[in-house]
Amino acid sequence: MTDLRTDLGEAVAAAFAAEGVDASLARVTTSDRPDLADFQSNGALAAAKAMKANPRELASRVAERLSADPRLTTVEVAGPGFINLKLSDAALALRAQAVADDAAMAGASQVAEPRRVVVDFAGPNVAKPMHVGHLRSSIIGESLKRLFRFRGDTVWGDAHFGDWGFQMGLLIVAVGDEGKADGFLSEGEGPFPDQSPVTLDDLERLYPQAAAKAKEDADYRDRARKATAELQSGRPGYRALWRHFVAVSKTALEREFSALGVTFDLWNGESDADPLIPAMVEDIKARGLAEFDQGAWIIRVAEEGEKRELPPLLLISSEGSAMYGTTDLATILQRRRDQDFDLILYCVDQRQADHFEQVFRAACKVGYATPGQLEHAANGTMNGADGKPFKTRAGGVLKLHDLITQAREKARERLKEAELGADLPDAEFEDIAAKVAVAALKFAELSNSRTTSYVFDLDRFMSFEGKTGPYLLYQVVRIKSLLRRAEAQGIQTGPIVIAEPAERDLALTLDAFDQATAEAYEKRSPHLVAEHAYRLAQAFSKFYAACPVLAAGDPATVASRLALSQTALDQLETALRLLGIDSPERM
């Protein structure tokens with residue numbers, strides 16, 4: 001299914017070609033003067049300049065060719081050579097009906113050549129509770145995962161769990177010193193306790209204490225390094241204890257992700273790639289792709305002629321340790337073998353840009369990927385009112401669990417203020433409050449370009465008015481209420497007919513969903529879907545105010561407007577699902 005802009009673009013391209021003009025210049029865009037036209041083409045200006053011709057005369061000849069198109073009521077030339085195109089009501093009705101009949105895609109199209117895509121996002125760590133800094137990566141990554149899958153790609157969402165390295169040695173030592181690991185410290189093969197000796201609270205308390213102590217106490221630091229080495233060498237008791245750390249952390253993380261509607265197909269951690277590292281390093285050395293430099297092994301990634309030389313990727317340190325970048329390189333190798341990817345998207349803070357550039361270049365140099373297959377879908381930061389990364393009032397980092405709790409409390413408060421859901425059972429009210437809270441957080445995030453930073457303001461995000469998630473949910477519930485009333489009266493949808501200006505606007509907005517999803521996909525920009533959802537909600541609100549539905553009188557008009565309402569609901573809920581937002585049935 002193609003949208004009207006694409007169809008008209010083909011018609012304009014044919015008219016340009018008939019005039020001996022490069023058809024690639026015949027770009028059609030949404031009109032910036034909707035009072036004059038639905039679409040416009042400005043290509044005649046560039047074409048005339050190349051041909052040394054008069055742009056208005058060229059535009060007039062193209063317009064003359066287009067005037068016979070039955071889909072168009074007017075084709076006019078404005079200014080120095082702009083071609084304005086206004087669609088007929090019949091053409092709009094035909095397109096709106098096609099969107100209505102498209103249950104699977106709600107008017108959007110899929111890619112011509114599906115790819116195999118891994119979306120690496122969230123990046124939670126063992127023993128570290130998620131905080132607000134994880135929110136952007138989690139929400140953006142989930143939306144991109146859904147968007148790519150919607151467009152037809154085979155997609156794996158991977159949490160890339162931080163479960164390896166020095167922090168594990170710190171925890172082993174800290175848990176042992178508290179006497180909680182007695183059943184795991186023997187050097188034998190076990191058996192070891194099935195019951196975890198620690199809770200998440202224990203891990204969250206012990207890790208920062210151990211990290212701080214290691215900075216001040218060289219002996220403690222050496223013990224942790226030794227424990228890390230023995231863990232990675234396969235000491236059975238340490239491995240059993242480590243598995244408990246992972247399981248306890250993962251349970252808590254899944255709770256937070258579930259509350260946000262975030263899911264993963266893979267929970268691969270750094271530990272999953274670790275066994276590949278020794279052979280990988282030896283292979284890279286054997287092929288002459290690594291250099292021995294000042295006691296360390298490096299991969300040079302700088303390109304000739306660059307203004308800023310990118311430092312080499314440190315493969316093995318002078319102490320003989322594999323580094324963070326080494327693990328990332330091994331993870332790419334693992335994904336090449338397991339998923340045979342066409343693309344990996346890394347949804348990570350933009351402050352990691354240099355690191356990923358090093359890893360990507362190294363991966364291409366050693367043959368694990370080709371240029372363009374590895375992409376850093378970077379995001380900005382979520383800031384406080386002071387413009388700096390968001391902190392609590394006490395100056396600390398706000399835990400994600402606490403943020404979700406605050407959002408739900410605020411949602412309950414706002415629902416009661418608006419007298420919404422007051423007569424519903426408690427369980428249903430709580431479910432609505434949870435959906436409103438998530439909608440507020442996610443839409444606030446996704447209505448901003450992922451590359452920009454934004455100011456966190458829970459009061460503003462939770463409003464039922466303006467460009468917010470709760471406003472969109474209210475519009476969804478409003479349409480659902482209308483449809484329930486129609487069903488109770490035995491009224492059914494019928495063929496769509498377009499006659500009124502508000503109907504035209506709604507039909508044009510429904511048509512624009514294909515462009516919004518396609519551009520969001522190409523630019524890795526979920527905010528374009530969020531923008532469309534908001535415009536659609538506004539278009540329906542204006543339609544609902546200007547065009548009575550059940551009280552329209554004429555049965556055919558009632559059936560048509562009901563069909564438009566149902567189509568708007570289907571597309572709006574589809575757009576919200578791409579953003580990871582679920583809507584309630586009522587409020």
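All of these numbers come straight from a predicted model, not from anything done at the bench.
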Check your understanding: Thinking salt bridges, do D265 and R149 make one under a 4.0 Å N-O criterion?
Key -> yes

Practice item. In plain terms, say whether D38 and R504 are close enough for a salt bridge, that is, a side-chain N and a carboxylate O under 4.0 Å apart. Key: yes

Review point. Can you check whether L510's main-chain N or O pairs, donor with acceptor, with Q571's side chain at less than 3.5 Å?
Key: yes

**Study point:** Any donor-acceptor pair under 3.5 Å from R524 side chain to Y521 backbone
**Key:** yes

Point to revise | Main-chain N/O of Q538 paired to S541 side chain as donor or acceptor, under 3.5 Å | key: no

Study note, to complete from the structure: Applied to residues 570-581, the salt bridge (charged side-chain N to carboxylate O under 4.0 Å, His left out) test, sequence neighbours excluded, yields K480-E573

Practice item. Run the numbers on Y346 and H160 for ring pair (Phe, Tyr, Trp, His ring centres under 6.0 Å), then give the verdict. Key: CA-CA 10 Å; Y346 292 82; H160 194 57; 7.8 Å; no

Point to revise | Over 12 non-hydrogen atoms of neighbours within 6.0 angstrom of CD in E64 | key: no

Point to revise | T468 side chain to F464 backbone, donor-acceptor under 3.5 Å | key: no

**Study point:** Whether T73 side chain and K86 backbone form a donor-acceptor pair below 3.5 Å
**Key:** yes

Exercise for review: Kindly state each residue pair satisfying ring pair (Phe, Tyr, Trp, His ring centres under 6.0 Å) with at least one member in residues 81-115, sequence neighbours excluded.
Suggested key: none

**Study point:** E430 bridged to R408 by N-O distance under 4.0 Å
**Key:** no

Exercise for review: Please check if the side chain of S560 supplies one atom and the backbone of V497 the other of a donor-acceptor pair under 3.5 Å.
Suggested key: yes

Check your understanding: Is a salt bridge present between E531 and K467, judged by a nitrogen-to-oxygen distance below 4.0 Å?
Key -> yes

Check your understanding: Do M382 and Y454 have side-chain heavy atoms sitting under 4.5 Å apart?
Key -> yes

Point to revise | E503 side chain vs I498 backbone, donor-acceptor pair below 3.5 Å | key: no

Exercise for review: Verify, without hydrogens or angle tests, whether S453 (side chain) and T381 (backbone) share a donor-acceptor contact under 3.5 angstrom.
Suggested key: yes

Check your understanding: Are there more than 12 heavy atoms of other residues, nucleotides or ligands under 6.0 Å from atom CZ of R27?
Key -> no

Practice item. Using the six-membered ring wherever Trp is involved, compare the ring planes of W267 and F264 and label them parallel, tilted or perpendicular (cut-offs 30° and 60°). Key: perpendicular

Review point. Between the side chain of H376 and the main-chain N/O of V348, is any donor-acceptor distance below 3.5 Å?
Key: yes

Practice item. State plainly whether the residues K442 and E445 are in salt-bridge range, i.e. N to O under 4.0 Å. Key: no

Point to revise | Spatial distance of atom OG1 (T327) from atom CE (M280) [nearest 0.5 Å] | key: 8.0 Å

Practice item. Using the side chain to side chain contact (heavy atoms under 4.5 Å, CB included) rule, take F39 and L508 through it: C-alpha gap first, then chi angles, then the decisive distance, then the call. Key: CA-CA 10 Å; F39 296 94; L508 283 165; 4.1 Å; yes

Exercise for review: Before giving the answer on side chain to side chain contact (heavy atoms under 4.5 Å, CB included), spell out for L536 and L506 the whole-Å C-alpha distance, their side-chain angles and the decisive distance to 0.1 Å.
Suggested key: CA-CA 7 Å; L536 180 58; L506 181 55; 3.8 Å; yes

Check your understanding: Do R95 and D7 sit within salt-bridge range, that is, some charged N less than 4.0 Å from a carboxylate O?
Key -> no

Check your understanding: Would you find a donor on one side and an acceptor on the other, under 3.5 Å apart, between the side chain of D349 and the backbone of R351?
Key -> yes

**Study point:** CZ on F121 to CG on L345, rounded to 0.5 Å
**Key:** 11.0 Å

Exercise for review: Could you check whether the rings of F150 and F513 sit parallel, tilted or perpendicular, using 30° and 60° as the cut-offs?
Suggested key: tilted

Practice item. May I ask you to check whether F540 and F543 place their ring centers less than 6.0 Å from one another? Key: yes

